[in-house]
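Reading through the structure tokens given below for one structure.
Worth knowing before you read on, the calculation uses all heavy atoms, side chains too, and leaves out hydrogens, waters and symmetry mates. Indexing begins at 1, ligand by ligand and atom by atom, following the structure's order. Remember, it's a predicted structure, so these values are computed and weren't measured experimentally.
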Amino acid sequence: TQSTRPQRLLGAVQKNATRGQPHSVLKAIDQFCTHTEWAMNVGDEKGCILDSVVSEVNPATVLELGTYCGYSTVRIASLLPPHAKLITLEFNPDFAAIARQVIAWAGLEDKVQLVEGASGDWIPKMKEQFGITTFDFVFLDHWKDRYLPDTKLMEECGLLRKGTVLLADNVICPGTPDYLEYIRNSPRYKSQYFKSHLEYTKVEDGLEKSVFQG
Ligand SMILES: Nc1ncnc2c1ncn2CCOCCNC(=O)c1cc(-c2ccc(F)cc2)cc(O)c1O
Ligand SMILES: [Mg+2]
């Protein structure tokens, strides 16, 4: 039977990366996606911007919306302080199964809780299910038409505090126009655009960093 792209990506990690070394996992995925097969990981160019924002925030609690194969999960978790927790939501069970193995190969399973399901269903349950009061950092990388409703949902559920940083991938390609319009015009956020490129291509894309003002 035919393998899937995530299965082939996991194979490249198991073949070329060293267990317990997150940077080697990222390098193996980036090489696979550059030379063999494109995949929708945040990639190394936008990944460096992600790294700098995560390092600046130094978050104790992180929410990632959209795990895919776990590339950005590994990238973020490798920068977290010892007792920090990263909750990542993935809708597609096949993607989640691959991501669990990629995260384990990097040796980061103790910092990561991968939850299978839709963001809209899980965001309202975060406090009761995981004992979260508020998130310090949120990485939005799931369905592009869910960025806005889920941001409003996080506000309503009291999951954001003064200073919480939202970082949104793909605000140009594929694009999240309604989210950008809202977040850039809302007095409740201070936003900044980081111009970059769509992973592994020369197409323009970028990340939008938004700080919740409370
Ligand atoms: N927990 C949850 N709740 C709801 N929905 C959820 C979920 N978990 C997952 N999903 C479903 C969506 O997951 C994948 C979302 N990501 C993308 O679609 C994406 C696409 C491109 C792209 C593709 C083709 C091009 F030509 C150009 C660009 C690039 C990217 O960087 C992307 O991130
Ligand atoms: Mg993305």
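Residues Y68 and H142 keep their aromatic ring centres 6.0 Å or farther apart.
The Mg ion (ligand 2) lies closest to atom OD2 when only the N/O/S atoms of D169 are considered.
Atom numbering of ligand 1 starts at 1 in the shown order; those under 4.0 Å from a heavy atom of W38 are 22 (C), 23 (C). Atom numbering of ligand 1 starts at 1 in the shown order; those under 4.0 Å from a heavy atom of F91 are 1 (N), 2 (C), 6 (C), 7 (C), 8 (N), 9 (C), 10 (N). Annotation for ligand 1: atoms under 4.0 Å from non-hydrogen atoms of D169 are 31 (O). Each of the following atoms of ligand 1 lies closer than 4.0 Å to a heavy atom of E199: 29 (C), 30 (C), 31 (O). Below 4.0 Å from some heavy atom of S119 lie the following atoms of ligand 1, by number and element: 1 (N), 2 (C), 3 (N), 4 (C). Per-residue contacts place G66 under 4.0 angstrom from the following atoms of ligand 1 (heavy atoms of the residue considered): 8 (N).
Considering only non-hydrogen atoms, atom 32 (C) of ligand 1 lies nearest to N170 out of L89, D205, N170. Closest heavy-atom approach to atom 21 (C) of ligand 1 within the set P174, G117, S72: this belongs to P174.
Taking 4.0 Å as the cut-off, N92 does not count as a neighbour of ligand 1 on heavy-atom distance. Residue contacts with ligand 1: L65 is excluded, as none of its non-hydrogen atoms falls under 4.0 Å.
Considering backbone and side-chain atoms together, A118 places no N or O closer than 3.5 Å to any N or O of ligand 1.
Among the atoms of N41, no N, O or S atom falls under 2.8 Å of the Mg ion (ligand 2).
When heavy-atom distances to ligand 1 are checked against a 4.0 Å cut-off, L198 comes that close only through its side chain, counted from C-beta outward. Contacts between K144 and ligand 1, counted as non-hydrogen atom pairs separated by less than 4.0 Å, involve the side chain only.
Among all protein heavy atoms, the one lying closest to atom 9 (C) of ligand 1 is E90 OE2, 3.3 Å.
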